[in-house]
Every structure is written in C-alpha cells, then in structure tokens.
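Position 1 is the first residue of the sequence; numbering continues from there.
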Amino acid sequence: MMNQQDEFLAVPFYQSLVSRSLMYLRTGFPVHFTGPSGVGKTSLAFYIAKQMDRPVTVIRGHHELSNKDLIGHYMGITKKEVVDNYIHSVYKKEQEVRPLWMQGQLIEAVKKGHVVIYDEFTRSRPETNNILLSLLEERVLPVYGNGKFTAIPCHPDFCMIFTSNPEEYAGTFHTQDALIDRLITIGINLCDEQSEMAIIRKKTGVNEKEAASIVQFVNRLRAYGNGSSPSLRAAIMIASIAKKASVEICPKNLLYQQLCLDVLTRHVQPFFPDEEEETVQELILQELQREDEPE
Ligand SMILES: Nc1ncnc2c1ncn2[C@@H]1O[C@H](COP(=O)(O)OP(=O)(O)OP(=O)(O)O)[C@@H](O)[C@H]1O
C-alpha cells in the first residue's frame with residue numbers, strides 16, 4: 001500500500017484543521033472529512049492518524065463490505081487431537097471439534113486502541129455501518145455469533161476517522177442520520193494555489209515554474225465548474241507523468257498538450273454537457289495557451 005502518511009505535506013492550509021481534529025479524537029469523538037474527489041481527504045486522515053501515535057487500521061468502504069468483514073464470522077471447523085501415549089500400555093485420544101472464528105478488522109482495533117481510518121465509508125451499505133452506532137456512542141462493539149452475544153468494550157485510545165464523497169457522487173449510499181449525528185463532519189475543499197504548488201513539487205519533483213504553470217492552468221479550467229475539478233490528483237498526475245517521461249512542461253509542446261487533454265478532458269466535459277468532446281478539448285488547449293491575466 002502507498003505510504004500515504006509519509007508523503008503528506010503539512011502545508012499551513014491544514015494546520016488548524018489538523019489540530020482541531022486531534023483535539024476531537026483525543027477527547028473521544030470521531031471526525032469525518034467529506035469533500036470532492038482528489039482534494040486530499042484520505043492523505044489528511046493518514047497524516048492525522050500518524051500524529052495520534054497509535055497503531056492504525058484501515059477499512060475501505062465498498063458495496064460488498066459486511067459485518068462479517070468488520071466483526072468476524074464462523075467458517076468451517078477446527079479439529080484438535082491430543083494423543084496421550086506417554087505410558088505405552090495406555091492409549092488415550094481426545095478430539096475437540098470447534099467452529100473456526102475468522103476475526104474481523106474492527107475487533108483487534110477496538111480491543112487494542114487503534115486509530116481506525118474508515119475510508120469512503122458511504123460506499124458501504126447503511127446496514128453494514130449500523131454496527132458503528134453503539135461503538136461510537138456507548139463505546140462497546142456488539143458481536144453476535146454462534147447464538148451468542150458479546151459486547152467488547154473499547155480501549156480508551158480507540159478512535160475513528162471517516163472520509164467520504166458527497167452523497168451526489170455515484171456509488172455512495174445515503175448515510176443514516178443517527179450515524180452522521182455521532183460524527184464531527186468537516187468539509188474539505190481544495191487547498192490554496194501556493195499549497196497546491198508546494199504539494200505538486202514535493203510529490204513529483206517538478207520545479208517552481210513548472211508547478212505554477214500546471215496549477216494556474218488547471219485553476220483556469222476549475223473556474224468553468226464547481227472549483228474543485230479537475231482535482232489536485234489530476235494536477236499531480238500531469239506533473240508526475242511529465243517529469244518521469246521527460247515531457248517538457250510547455251504549452252507549445254504537442255506531447256504536453258496531448259497529455260493534458262488525456263488527463264483533463266474527462267474532468268472538464270461534464271461542465272459542457274451539450275458540447276462535443278472536440279469543442280471541450282479546444283477550450284482546454286486555449287486555456288493552456290493563455291497566460292494568467294496580469295494583476
Ligand atoms: N498535503 C498533501 N501532501 C502531499 N500529497 C497530497 C496532499 N494532499 C493530497 N495529496 C495527494 O493528492 C492526491 C489525492 O489525495 P487523496 O487520495 O487523499 O484525495 P481524496 O480526497 O481522499 O480523494 P478521493 O475522494 O478520490 O478518495 C494523492 O496523490 C495524495 O497523495
């Protein structure tokens with residue numbers, strides 16, 4: 001897995017958000033970062049989790065995730081045989097057959113006080129997330145299995161960080177109000193231009209001028225839509241490919257133009273639902289060529 005926490009650049013933009021989040025987590029309250037795709041929610045969650053100085057468990061939300069994955073389930077049987085032939089004249093054999101318990105991700109985290117990052121939790125079905133209601137409120141994990149009910153108490157250091165995309169995003173479920181009510185939900189928007197440039201430079205190794213040219217160009221395209229798309233991830237992608245493949249970051253370079261079109265068309269097209277792809281690409285190239293207006 002990518003080492004997300006080590007790559008995070010703690011730009012001043014995040015400073016207050018990080019310290020507030022740590023305050024909430026340390027006082028026993030879960031935080032939830034929500035916002036558009038690719039603005040840095042997951043990276044931020046990893047960074048904050050690292051500051052907590054506890055083991056980290058990561059759960060990725062998806063449609064098929066179930067309570068079995070979170071808590072555990074019985075599968076098959078385990079057979080244990082003890083053969084006692086210490087005294088040659090006596091042969092004794094004991095057999096024990098038990099159902100085999102596969103432990104889910106949450107149990108260890110709850111018992112040992114991990115920081116749990118539940119990434120994209122709204123991509124899991126609401127019934128899967130129901131288990132979190134008592135976990136977050138009463139700090140006990142209810143476990144039902146093999147006809148038995150057990151309530152596992154939470155370690156005092158156990159805490160959770162959630163991330164999600166807004167509900168209008170494809171593939172997300174509506175979250176039950178009771179769960180949202182238990183979370184401190186903070187909207188995460190794209191960072192400022194200077195921070196974005198610094199992140200791109202750190203992640204890809206492009207120089208200041210190149211980072212500025214990419215960020216200003218992508219920002220001009222963002223102005224046609226909701227301000228956050230094309231995402232920071234898209235800008236990083238352009239810088240990273242250009243750097244690794246030695247593509248000159250210059251608006252007149254045909255290969256760079258094509259790279260920008262390939263990465264950005266899918267992001268910009270939704271702003272112009274009635275336009276042909278060709279028209280959208282012309283606009284992207286126009287914005288690529290355009291120098292920023294002097295101040
Ligand atoms: N402060 C930062 N320092 C370094 N890299 C960052 C920072 N913020 C974001 N990134 C990088 O930006 C990209 C997108 O970030 P991330 O995956 O955290 O976004 P996200 O909001 O969780 O996206 P999604 O909603 O699609 O999961 C990643 O490559 C990530 O490493």
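- Shortest non-hydrogen contact noted between A235 and E196 is CB-OE2, 3.8 Å.
- A distance-only check finds a donor-acceptor pair linking the side chain of K41 to the backbone of P36 [under 3.5 Å].
- Looking at R54, its side chain never comes within 3.5 Å of a backbone N or O of A49 through a donor-acceptor pair.
- S164 and H32 form a side-chain donor-acceptor contact under 3.5 Å, judged by distance and modelled atom types alone.
- A donor-acceptor contact under 3.5 angstrom links the side chains of Y118 and S124, judged on distance only.
- No side-chain heavy atom of I117 sits less than 4.5 Å from a side-chain heavy atom of I59.
- Of all the heavy atoms in I200 and A239, the pair that sits closest is CG2-CB, 3.6 Å.
- Using a distance-only test at 3.5 Å, with no hydrogens or angles considered, no donor-acceptor pair links the side chain of R220 to the main chain of I284.
- Using a 3.5 Å distance cut-off with no hydrogens or angles, the side chains of N219 and E193 do pair a donor with an acceptor.
- You'll find the side chain of T34 stays beyond 4.5 Å of the side chain of I188, heavy atoms only.
- The backbone N or O of S66 sits less than 3.5 Å from a side-chain atom of D69, completing a donor-acceptor pair.
- For the atom pair C260 SG and M237 CE, the distance stands at 12.5 Å (nearest 0.5 Å).
- Note that the CZ atom of F173 and the OG1 atom of T128 stand 8.5 Å from one another [nearest 0.5 Å].
- Judged purely by atom type and a 3.5 angstrom limit, H114 has no side-chain atom pairing as donor or acceptor with the backbone of V116.
- Inter-residue side-chain proximity for F158 and V115 is flagged as unmet; no heavy-atom pair is nearer than 4.5 Å.
- Rounding to the nearest 0.5 Å places OG1 of T204 at 11.5 Å from CD1 of I199.
- Scanning all heavy atoms of the two residues, the minimum distance from N165 to T172 falls at O-CG2, 4.4 Å.
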Give the intermediate values and the outcome of side chain to side chain contact (heavy atoms under 4.5 Å, CB included) for residues S213 and I249. CA-CA 8 Å; S213 144; I249 299 173; 4.1 Å; yes

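- Q281 CD to Q269 CD: the interatomic distance, rounded to the nearest 0.5 Å, is 8.5 Å.
- Rounding to the nearest 0.5 angstrom, the gap separating the CD atom in E210 from the CD1 atom in I238 is 13.0 Å.
- Side-chain contact annotation: D119 with T42, donor-acceptor N/O pair under 3.5 Å present.
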Could you walk me through whether S240 and K203 pass the side chain to side chain contact (heavy atoms under 4.5 Å, CB included) test, one step at a time? CA-CA 8 Å; S240 175; K203 287 211 71 155; over 6 Å; no

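- In this structure, T265 contributes its side chain and L261 its backbone to a donor-acceptor pair below 3.5 Å.
- Side chain of H63 to backbone of G171: a donor-acceptor contact under 3.5 angstrom is found.
- Between T57 and Q105, the side chains place no donor N or O within less than 3.5 Å of an acceptor N or O (distance only, hydrogens not considered).
- Between the side chain of E120 and the backbone N or O of T163, no donor-acceptor pair lies under 3.5 Å.
- Looking at heavy atoms from C-beta onward, P30 lies out of side-chain contact with I161 at the 4.5 angstrom threshold.
- A 4.5 Å side-chain heavy-atom check between S19 and Q15 finds every atom pair outside the cut-off.
- Side-chain contact between L44 and L17 is present, with heavy atoms from C-beta onward closer than 4.5 Å.
- Side-chain contact between L183 and M160: absent, with no pair of heavy atoms (C-beta onward) separated by less than 4.5 Å.
- A donor-acceptor pair is defined here as one N or O able to donate and one able to accept, closer than 3.5 Å; no such pair exists between the side chain of T279 and the backbone of E275.
- Between the side chains of Q258 and D262, at least one donor N or O sits under 3.5 Å from an acceptor N or O.
- Crowding of Q176 atom CD: a count of heavy atoms from other residues, nucleotides or ligands under 6.0 Å exceeding 12.
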Evaluate the criterion side chain to side chain contact (heavy atoms under 4.5 Å, CB included) for residue pair V143 and I107; output intermediate values, then yes/no. CA-CA 9 Å; V143 179; I107 304 245; 3.9 Å; yes

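- Two different hydrophobic clusters hold V140 and I131 under the rule that ILVMFWY side chains link at heavy-atom gaps under 4.5 Å.
- Across F13 and S195, no two heavy atoms sit closer than the pair CB-OG, 3.7 Å.
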Between F8 and Y47, does a ring pair (Phe, Tyr, Trp, His ring centres under 6.0 Å) hold up when you go through it step by step? CA-CA 7 Å; F8 190 83; Y47 176 74; 4.6 Å; yes

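- L255 and L259 fall within the same hydrophobic cluster, where Ile, Leu, Val, Met, Phe, Trp and Tyr residues are linked whenever their side-chain heavy atoms come under 4.5 Å apart, directly or through other members.
- The neighbour count for Y224 OH, taken as heavy atoms of other residues, nucleotides or ligands under 6.0 Å away, is above 12.
- Not counting sequence neighbours, the partners of T175 by the side chain to side chain contact (heavy atoms under 4.5 Å, CB included) test are F121, T122, E167, L179, I180.
- Residue P142 comes nearest to I71 through the heavy atom pair O-CD1, 3.7 Å, listed as atom of the first residue, atom of the second, then distance.
- For the pair F217/P251, no side-chain contact is recorded, criterion being any heavy-atom separation below 4.5 Å from C-beta on.
- In this structure, CD on Q216 lies 6.5 Å from CE on M197, to the nearest 0.5 angstrom.
- For E287 and R290, the salt-bridge test passes: some basic side-chain N is under 4.0 Å from an acidic carboxylate O.
- Across every non-hydrogen atom of C191 and Y14, the tightest pair is CB-OH, 4.1 Å.
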Could you walk me through whether L136 and F29 satisfy the side chain to side chain contact (heavy atoms under 4.5 Å, CB included) test, starting with their C-alpha distance in whole Å, then the side-chain angles of each, then the deciding distance to 0.1 Å, before giving a yes or no? CA-CA 8 Å; L136 298 177; F29 294 92; over 6 Å; no

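- Checking side-chain atoms of R182 against main-chain N and O of L133 turns up a donor-acceptor pair under 3.5 Å.
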